[in-house]
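The next block holds one structure in the form of C-alpha coordinates; read it before the comments.
The structure presented is a predicted model; accordingly, all values stated were derived computationally and were not measured.
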Amino acid sequence: MDFRDQVFISVAEHLSFSKAAGDLNISQPAVTRHIQELEERYHINLFERKGNKIYLTKAGEKVYNSFKQIAAQYRELDFEIGQMQNSIKGEFNIGASSTISQYVIPRIIASFHKRYPKIQIFLRNGNSFEMENALQENQIDMALVENCSSQPGIRYKNFMDDELIVVTGANSVYAKREELRKDELVQIPIVLREQGSGTLEVIKEALTRQKIEFERLNTFIHLGSTESIKNFLSVFDGLAIVSEKTVSTELYLKTLVKLKVSNFTIPRKFRMAFRFGHKSKQVELFENFLSNYNF
(Lines give C-alpha, C1' and ligand atoms only; values in the text may rest on other atoms or scores of the structure.)
Protein backbone atom coordinates (compact mmCIF):
# COMPACT_ATOMS: atom_id res chain seq x y z
CA MET A 1 0.00 0.00 0.00
CA ASP A 2 1.32 3.47 -0.89
CA PHE A 3 2.88 5.20 2.13
CA ARG A 4 0.91 8.35 1.37
CA ASP A 5 -2.28 6.33 1.79
CA GLN A 6 -1.04 5.03 5.16
CA VAL A 7 -0.37 8.61 6.25
CA PHE A 8 -3.94 9.55 5.35
CA ILE A 9 -5.36 6.62 7.35
CA SER A 10 -3.31 7.64 10.39
CA VAL A 11 -4.45 11.29 10.20
CA ALA A 12 -8.06 10.18 9.70
CA GLU A 13 -7.96 7.92 12.75
CA HIS A 14 -6.13 10.36 15.02
CA LEU A 15 -7.78 13.48 13.55
CA SER A 16 -4.44 15.09 14.23
CA PHE A 17 -1.44 15.80 11.99
CA SER A 18 0.95 15.85 14.95
CA LYS A 19 -0.28 12.51 16.36
CA ALA A 20 -0.06 10.92 12.92
CA ALA A 21 3.51 12.21 12.61
CA GLY A 22 4.40 10.63 15.94
CA ASP A 23 2.64 7.40 15.01
CA LEU A 24 4.54 7.11 11.71
CA ASN A 25 7.81 8.57 13.02
CA ILE A 26 7.96 11.31 10.39
CA SER A 27 7.83 15.10 10.63
CA GLN A 28 4.55 17.02 10.76
CA PRO A 29 5.44 18.98 7.57
CA ALA A 30 5.90 15.61 5.83
CA VAL A 31 2.42 14.56 6.94
CA THR A 32 0.98 17.83 5.66
CA ARG A 33 2.74 17.36 2.32
CA HIS A 34 1.39 13.83 1.87
CA ILE A 35 -2.17 14.96 2.59
CA GLN A 36 -1.85 17.88 0.19
CA GLU A 37 -0.61 15.53 -2.54
CA LEU A 38 -3.62 13.26 -1.98
CA GLU A 39 -6.01 16.19 -2.16
CA GLU A 40 -4.34 17.30 -5.40
CA ARG A 41 -4.76 13.76 -6.78
CA TYR A 42 -8.51 13.78 -6.08
CA HIS A 43 -9.02 17.54 -6.64
CA ILE A 44 -11.02 17.82 -3.40
CA ASN A 45 -10.47 18.61 0.28
CA LEU A 46 -10.29 15.52 2.46
CA PHE A 47 -10.20 17.38 5.79
CA GLU A 48 -11.80 20.53 7.08
CA ARG A 49 -10.61 22.59 10.02
CA LYS A 50 -12.95 23.94 12.71
CA GLY A 51 -11.10 25.93 15.31
CA ASN A 52 -8.18 23.85 16.53
CA LYS A 53 -9.67 20.54 15.35
CA ILE A 54 -9.81 18.78 11.99
CA TYR A 55 -12.60 16.59 10.62
CA LEU A 56 -13.02 14.35 7.61
CA THR A 57 -15.09 15.79 4.78
CA LYS A 58 -17.60 13.52 3.04
CA ALA A 59 -14.94 12.85 0.40
CA GLY A 60 -12.45 12.13 3.19
CA GLU A 61 -14.81 9.60 4.74
CA LYS A 62 -15.19 7.89 1.36
CA VAL A 63 -11.45 7.74 0.85
CA TYR A 64 -10.88 6.47 4.41
CA ASN A 65 -13.38 3.62 4.06
CA SER A 66 -11.92 2.61 0.70
CA PHE A 67 -8.33 2.74 1.96
CA LYS A 68 -9.25 0.57 4.96
CA GLN A 69 -10.77 -2.02 2.62
CA ILE A 70 -7.64 -1.92 0.45
CA ALA A 71 -5.43 -2.34 3.54
CA ALA A 72 -7.50 -5.36 4.57
CA GLN A 73 -7.05 -6.85 1.09
CA TYR A 74 -3.28 -6.42 1.37
CA ARG A 75 -3.30 -8.20 4.75
CA GLU A 76 -5.37 -11.03 3.30
CA LEU A 77 -2.99 -11.32 0.34
CA ASP A 78 -0.05 -11.61 2.75
CA PHE A 79 -1.94 -14.33 4.62
CA GLU A 80 -2.76 -16.34 1.51
CA ILE A 81 0.80 -16.09 0.16
CA GLY A 82 2.02 -17.24 3.57
CA GLN A 83 -0.29 -20.25 3.37
CA MET A 84 1.18 -21.16 -0.01
CA GLN A 85 4.62 -21.10 1.63
CA ASN A 86 3.41 -23.11 4.66
CA SER A 87 3.89 -20.02 6.81
CA ILE A 88 0.63 -18.57 8.13
CA LYS A 89 1.19 -14.86 8.74
CA GLY A 90 -0.58 -11.52 8.63
CA GLU A 91 -2.24 -9.05 10.99
CA PHE A 92 -5.65 -7.80 12.05
CA ASN A 93 -7.29 -5.45 14.55
CA ILE A 94 -9.59 -6.43 17.42
CA GLY A 95 -11.65 -4.10 19.58
CA ALA A 96 -12.78 -5.44 22.95
CA SER A 97 -15.03 -4.05 25.66
CA SER A 98 -13.36 -3.21 28.96
CA THR A 99 -14.26 -6.40 30.84
CA ILE A 100 -13.28 -8.67 27.96
CA SER A 101 -10.04 -6.81 27.18
CA GLN A 102 -8.84 -6.90 30.79
CA TYR A 103 -10.04 -10.26 32.06
CA VAL A 104 -10.79 -12.58 29.14
CA ILE A 105 -9.03 -11.93 25.86
CA PRO A 106 -5.31 -11.54 26.84
CA ARG A 107 -4.95 -15.25 27.67
CA ILE A 108 -6.75 -16.21 24.45
CA ILE A 109 -4.54 -13.97 22.32
CA ALA A 110 -1.46 -15.45 23.99
CA SER A 111 -2.66 -18.98 23.14
CA PHE A 112 -3.45 -17.92 19.57
CA HIS A 113 0.01 -16.36 19.21
CA LYS A 114 1.65 -19.54 20.48
CA ARG A 115 -0.12 -21.48 17.72
CA TYR A 116 0.23 -18.83 14.98
CA PRO A 117 3.34 -16.82 15.93
CA LYS A 118 3.52 -14.94 12.61
CA ILE A 119 0.03 -13.45 12.89
CA GLN A 120 0.10 -10.08 14.63
CA ILE A 121 -2.97 -8.89 16.57
CA PHE A 122 -3.55 -5.25 17.49
CA LEU A 123 -5.96 -4.85 20.41
CA ARG A 124 -7.82 -1.70 21.41
CA ASN A 125 -10.36 -1.35 24.17
CA GLY A 126 -13.27 0.81 25.27
CA ASN A 127 -16.86 0.20 26.21
CA SER A 128 -19.12 -1.94 24.02
CA PHE A 129 -20.77 1.07 22.34
CA GLU A 130 -17.37 2.52 21.39
CA MET A 131 -16.18 -0.80 19.97
CA GLU A 132 -19.32 -1.21 17.84
CA ASN A 133 -18.78 2.30 16.46
CA ALA A 134 -15.13 1.50 15.69
CA LEU A 135 -16.26 -1.64 13.86
CA GLN A 136 -18.82 0.25 11.79
CA GLU A 137 -16.19 2.87 10.91
CA ASN A 138 -13.72 0.22 9.67
CA GLN A 139 -11.23 1.03 12.42
CA ILE A 140 -11.17 -2.60 13.60
CA ASP A 141 -11.81 -5.94 11.90
CA MET A 142 -13.89 -7.50 14.68
CA ALA A 143 -15.26 -6.52 18.08
CA LEU A 144 -15.79 -8.46 21.29
CA VAL A 145 -18.68 -6.97 23.25
CA GLU A 146 -20.66 -7.63 26.40
CA ASN A 147 -23.87 -5.70 25.78
CA CYS A 148 -27.20 -7.28 24.83
CA SER A 149 -28.47 -4.94 22.11
CA SER A 150 -27.65 -5.26 18.41
CA GLN A 151 -26.64 -2.53 15.97
CA PRO A 152 -27.67 -2.43 12.29
CA GLY A 153 -25.03 -3.66 9.90
CA ILE A 154 -23.37 -5.88 12.53
CA ARG A 155 -23.57 -9.65 12.86
CA TYR A 156 -23.12 -11.18 16.33
CA LYS A 157 -21.97 -14.60 17.52
CA ASN A 158 -21.88 -15.80 21.14
CA PHE A 159 -18.57 -17.14 22.39
CA MET A 160 -18.70 -17.20 26.22
CA ASP A 161 -21.17 -17.28 29.12
CA ASP A 162 -20.92 -14.73 31.92
CA GLU A 163 -22.94 -13.64 34.93
CA LEU A 164 -23.26 -10.29 36.66
CA ILE A 165 -23.27 -10.53 40.45
CA VAL A 166 -23.89 -8.20 43.37
CA VAL A 167 -20.82 -7.57 45.52
CA THR A 168 -19.84 -5.39 48.46
CA GLY A 169 -16.58 -4.58 50.23
CA ALA A 170 -15.41 -6.87 53.05
CA ASN A 171 -15.63 -3.96 55.51
CA SER A 172 -19.08 -2.86 54.34
CA VAL A 173 -22.04 -3.00 56.74
CA TYR A 174 -23.70 -5.31 54.17
CA ALA A 175 -20.84 -7.86 54.04
CA LYS A 176 -22.40 -10.13 56.70
CA ARG A 177 -25.79 -10.28 55.01
CA GLU A 178 -26.54 -13.75 53.65
CA GLU A 179 -29.17 -12.56 51.19
CA LEU A 180 -30.79 -9.37 49.97
CA ARG A 181 -34.38 -8.84 48.89
CA LYS A 182 -34.97 -7.43 45.41
CA ASP A 183 -36.58 -4.31 46.83
CA GLU A 184 -33.37 -3.57 48.76
CA LEU A 185 -31.54 -3.05 45.46
CA VAL A 186 -33.26 0.33 45.12
CA GLN A 187 -32.54 1.32 48.73
CA ILE A 188 -28.86 0.52 49.30
CA PRO A 189 -26.29 2.90 47.72
CA ILE A 190 -24.79 1.39 44.57
CA VAL A 191 -21.88 2.16 42.24
CA LEU A 192 -22.29 1.34 38.52
CA ARG A 193 -20.38 1.50 35.23
CA GLU A 194 -20.62 4.48 32.90
CA GLN A 195 -23.14 5.13 30.12
CA GLY A 196 -22.19 3.15 27.00
CA SER A 197 -20.92 0.24 29.07
CA GLY A 198 -22.23 -3.17 28.04
CA THR A 199 -22.45 -4.14 31.71
CA LEU A 200 -24.71 -1.17 32.45
CA GLU A 201 -26.94 -1.99 29.48
CA VAL A 202 -27.36 -5.60 30.65
CA ILE A 203 -28.18 -4.39 34.19
CA LYS A 204 -30.88 -2.07 32.84
CA GLU A 205 -32.38 -4.85 30.74
CA ALA A 206 -32.37 -7.29 33.70
CA LEU A 207 -34.05 -4.75 35.98
CA THR A 208 -36.73 -4.12 33.36
CA ARG A 209 -37.48 -7.86 33.26
CA GLN A 210 -37.85 -7.77 37.06
CA LYS A 211 -40.12 -4.70 36.80
CA ILE A 212 -37.61 -2.57 38.70
CA GLU A 213 -37.14 0.97 37.38
CA PHE A 214 -33.46 1.73 36.82
CA GLU A 215 -34.00 5.36 37.85
CA ARG A 216 -35.12 4.20 41.29
CA LEU A 217 -31.68 2.78 42.08
CA ASN A 218 -29.81 4.69 44.77
CA THR A 219 -26.88 5.28 42.41
CA PHE A 220 -24.03 7.00 44.21
CA ILE A 221 -21.64 7.27 41.26
CA HIS A 222 -20.86 5.92 37.77
CA LEU A 223 -17.24 4.84 37.21
CA GLY A 224 -15.43 4.09 33.96
CA SER A 225 -13.92 0.69 34.77
CA THR A 226 -14.43 -2.36 36.95
CA GLU A 227 -11.00 -1.81 38.50
CA SER A 228 -12.07 1.61 39.74
CA ILE A 229 -15.29 0.11 41.10
CA LYS A 230 -13.35 -2.56 43.01
CA ASN A 231 -11.09 0.08 44.55
CA PHE A 232 -14.11 2.22 45.38
CA LEU A 233 -15.80 -0.66 47.22
CA SER A 234 -12.91 -0.93 49.68
CA VAL A 235 -14.15 2.22 51.44
CA PHE A 236 -17.79 2.35 50.30
CA ASP A 237 -20.77 1.18 52.33
CA GLY A 238 -22.78 0.00 49.37
CA LEU A 239 -23.07 -2.40 46.47
CA ALA A 240 -21.85 -2.91 42.93
CA ILE A 241 -23.00 -5.15 40.08
CA VAL A 242 -20.05 -6.54 38.14
CA SER A 243 -19.01 -9.52 36.04
CA GLU A 244 -18.16 -12.52 38.19
CA LYS A 245 -15.06 -13.05 36.03
CA THR A 246 -13.66 -9.68 37.09
CA VAL A 247 -13.73 -10.32 40.85
CA SER A 248 -12.66 -13.96 41.20
CA THR A 249 -9.37 -12.99 42.87
CA GLU A 250 -11.06 -10.56 45.28
CA LEU A 251 -13.71 -13.13 46.22
CA TYR A 252 -10.97 -15.72 46.86
CA LEU A 253 -8.99 -13.25 49.00
CA LYS A 254 -12.24 -12.16 50.68
CA THR A 255 -11.66 -8.47 50.03
CA LEU A 256 -15.05 -8.50 48.29
CA VAL A 257 -18.16 -10.44 49.27
CA LYS A 258 -20.73 -11.83 46.84
CA LEU A 259 -24.32 -11.20 47.93
CA LYS A 260 -27.22 -13.35 46.83
CA VAL A 261 -30.38 -11.51 45.84
CA SER A 262 -33.60 -13.48 46.20
CA ASN A 263 -35.09 -14.53 42.83
CA PHE A 264 -32.66 -12.33 40.91
CA THR A 265 -29.83 -13.41 38.57
CA ILE A 266 -28.23 -11.67 35.58
CA PRO A 267 -26.76 -14.16 33.09
CA ARG A 268 -25.35 -12.79 29.83
CA LYS A 269 -23.27 -13.71 26.79
CA PHE A 270 -20.00 -12.32 25.54
CA ARG A 271 -20.25 -11.91 21.75
CA MET A 272 -18.08 -11.54 18.70
CA ALA A 273 -19.24 -8.82 16.32
CA PHE A 274 -18.49 -8.48 12.59
CA ARG A 275 -19.56 -6.15 9.81
CA PHE A 276 -21.79 -7.81 7.25
CA GLY A 277 -19.90 -8.85 4.16
CA HIS A 278 -16.43 -10.22 3.57
CA LYS A 279 -14.21 -11.35 6.45
CA SER A 280 -10.46 -11.75 6.08
CA LYS A 281 -8.89 -15.19 6.42
CA GLN A 282 -7.04 -14.05 9.55
CA VAL A 283 -10.28 -12.98 11.24
CA GLU A 284 -11.97 -16.25 10.27
CA LEU A 285 -9.03 -18.14 11.77
CA PHE A 286 -9.31 -16.23 15.05
CA GLU A 287 -13.11 -16.60 15.08
CA ASN A 288 -12.79 -20.38 14.83
CA PHE A 289 -10.05 -20.43 17.46
CA LEU A 290 -12.19 -18.40 19.87
CA SER A 291 -15.30 -20.48 19.19
CA ASN A 292 -13.44 -23.68 20.09
CA TYR A 293 -11.42 -22.26 23.00
CA ASN A 294 -11.67 -24.26 26.23
CA PHE A 295 -12.68 -21.65 28.82
Side-chain angles (χ1 to χ4, degrees), residues 12-16 19 68 92-109 121-167 190-209 214-215 217 219-233 236 238-248 250 256 266-276 283 286-287 290 295:
E13 292 182 347
H14 290 294
L15 290 178
S16 167
K19 289 182 179 178
K68 290 294 284 186
F92 62 97
N93 299 282
I94 297 176
S97 62
S98 301
T99 298
I100 296 173
S101 65
Q102 291 183 53
Y103 303 101
V104 177
I105 201 63
R107 182 178 299 177
I108 297 170
I109 291 177
I121 297 177
F122 297 92
L123 176 67
R124 62 182 287 184
N125 73 290
N127 62 44
S128 294
F129 177 75
E130 291 168 340
M131 293 303 95
E132 287 172 331
N133 281 346
L135 182 66
Q136 290 175 319
E137 293 172 4
N138 285 309
Q139 296 175 12
I140 55 177
D141 299 302
M142 68 180 293
L144 305 174
V145 296
E146 57 196 87
N147 56 354
C148 54
S149 62
S150 298
Q151 301 299 323
I154 296 180
R155 180 177 65 82
Y156 298 86
K157 180 180 179 181
N158 297 337
F159 74 90
M160 188 178 189
D161 293 326
D162 185 36
E163 182 177 359
L164 300 182
I165 61 172
V166 178
V167 295
I190 192 167
V191 53
L192 297 170
R193 284 288 303 275
E194 82 287 0
Q195 295 294 331
S197 158
T199 294
L200 187 66
E201 181 185 304
V202 172
I203 291 170
K204 288 180 177 180
E205 198 268 343
L207 291 174
T208 299
R209 288 198 309 268
F214 176 78
E215 291 72 20
L217 292 181
T219 306
F220 185 83
I221 193 172
H222 289 269
L223 295 176
S225 72
T226 302
E227 287 300 308
S228 58
I229 288 177
K230 290 192 288 188
N231 290 328
F232 193 81
L233 285 175
F236 176 58
L239 312 175
I241 303 177
V242 296
S243 165
E244 190 166 28
K245 291 178 173 55
T246 68
V247 292
S248 57
E250 289 77 11
L256 292 179
I266 313 179
R268 68 169 173 180
K269 302 282 188 180
F270 289 151
R271 301 182 295 167
M272 295 180 266
F274 310 94
R275 290 183 301 275
F276 282 110
V283 170
F286 187 79
E287 176 189 358
L290 185 53
F295 291 101

Tell me whether the count of non-hydrogen atoms from other residues, nucleotides or ligands lying under 6.0 Å of [atom1] in [X] goes above 12.
{"X": "Phe129", "atom1": "CZ", "value": "no"}
{"X": "Arg155", "atom1": "CZ", "value": "yes"}
{"X": "Phe220", "atom1": "CZ", "value": "no"}
{"X": "Lys204", "atom1": "NZ", "value": "yes"}

Report yes if the side chains of [X] and [Y] come closer than 4.5 Å at any heavy-atom pair, otherwise no.
{"X": "Phe122", "Y": "Ile94", "result": "no"}
{"X": "Leu223", "Y": "Asn231", "result": "no"}
{"X": "Met272", "Y": "Phe286", "result": "no"}
{"X": "Glu132", "Y": "Val145", "result": "yes"}

- Starting from the C-alpha separation in whole Å, work towards a yes-or-no answer on side chain to side chain contact (heavy atoms under 4.5 Å, CB included) for Met160 and Val104. CA-CA 10 Å; Met160 188 178 189; Val104 177; 3.6 Å; yes

- Ser128 side-chain N/O to Glu146 backbone N/O, donor-acceptor pair under 3.5 Å: yes

- Message: Keeping Asp141 on the side-chain end and Asn93 on the backbone end, is there a donor-acceptor pair under 3.5 Å?
- Response: yes

Heavy-atom closest pair, residues [X] and [Y]:
{"X": "His222", "Y": "Thr219", "result": "NE2-CG2, 3.6 Å"}
{"X": "Val283", "Y": "Phe274", "result": "CG1-CE2, 3.7 Å"}
{"X": "Asn127", "Y": "Gln195", "result": "ND2-O, 3.8 Å"}
{"X": "Ile241", "Y": "Thr199", "result": "O-CG2, 4.0 Å"}
{"X": "Gln139", "Y": "Lys68", "result": "O-NZ, 3.9 Å"}
{"X": "Arg271", "Y": "Ser150", "result": "NH1-OG, 3.4 Å"}

- In plain terms, say whether Asp162 and Lys269 are close enough for a salt bridge, that is, a side-chain N and a carboxylate O under 4.0 Å apart. no

- Message: Do the side chains of Arg268 and Glu201 get close enough for a salt bridge, i.e. N-O under 4.0 angstrom?
- Response: no

- Would you give the length of the straight line joining atom CZ of Phe214 to atom CD of Glu205, rounded to the nearest 0.5 angstrom? 13.0 Å

- To the nearest 0.5 Å, what is the distance between CE (Met142) and CG (Leu290)? 6.0 Å

- Query: Stepwise, does the side chain to side chain donor-acceptor pair (under 3.5 Å) test hold for Ser243 with Thr246?
  - Reply: CA-CA 5 Å; Ser243 165; Thr246 68; 4.7 Å; no

- Message: If the test is side-chain contact (heavy atoms from CB on, under 4.5 Å), which one of Ile105, Thr226, Leu164 qualifies with Thr99?
- Response: Thr226

- Any chance you could lay out the side chain to side chain contact (heavy atoms under 4.5 Å, CB included) test for Leu144 and Met131, step after step, and finish with the verdict? CA-CA 8 Å; Leu144 305 174; Met131 293 303 95; over 6 Å; no

- Item | Working for side chain to side chain contact (heavy atoms under 4.5 Å, CB included), residues Leu192 and Leu217 | CA-CA 10 Å; Leu192 297 170; Leu217 292 181; 4.0 Å; yes

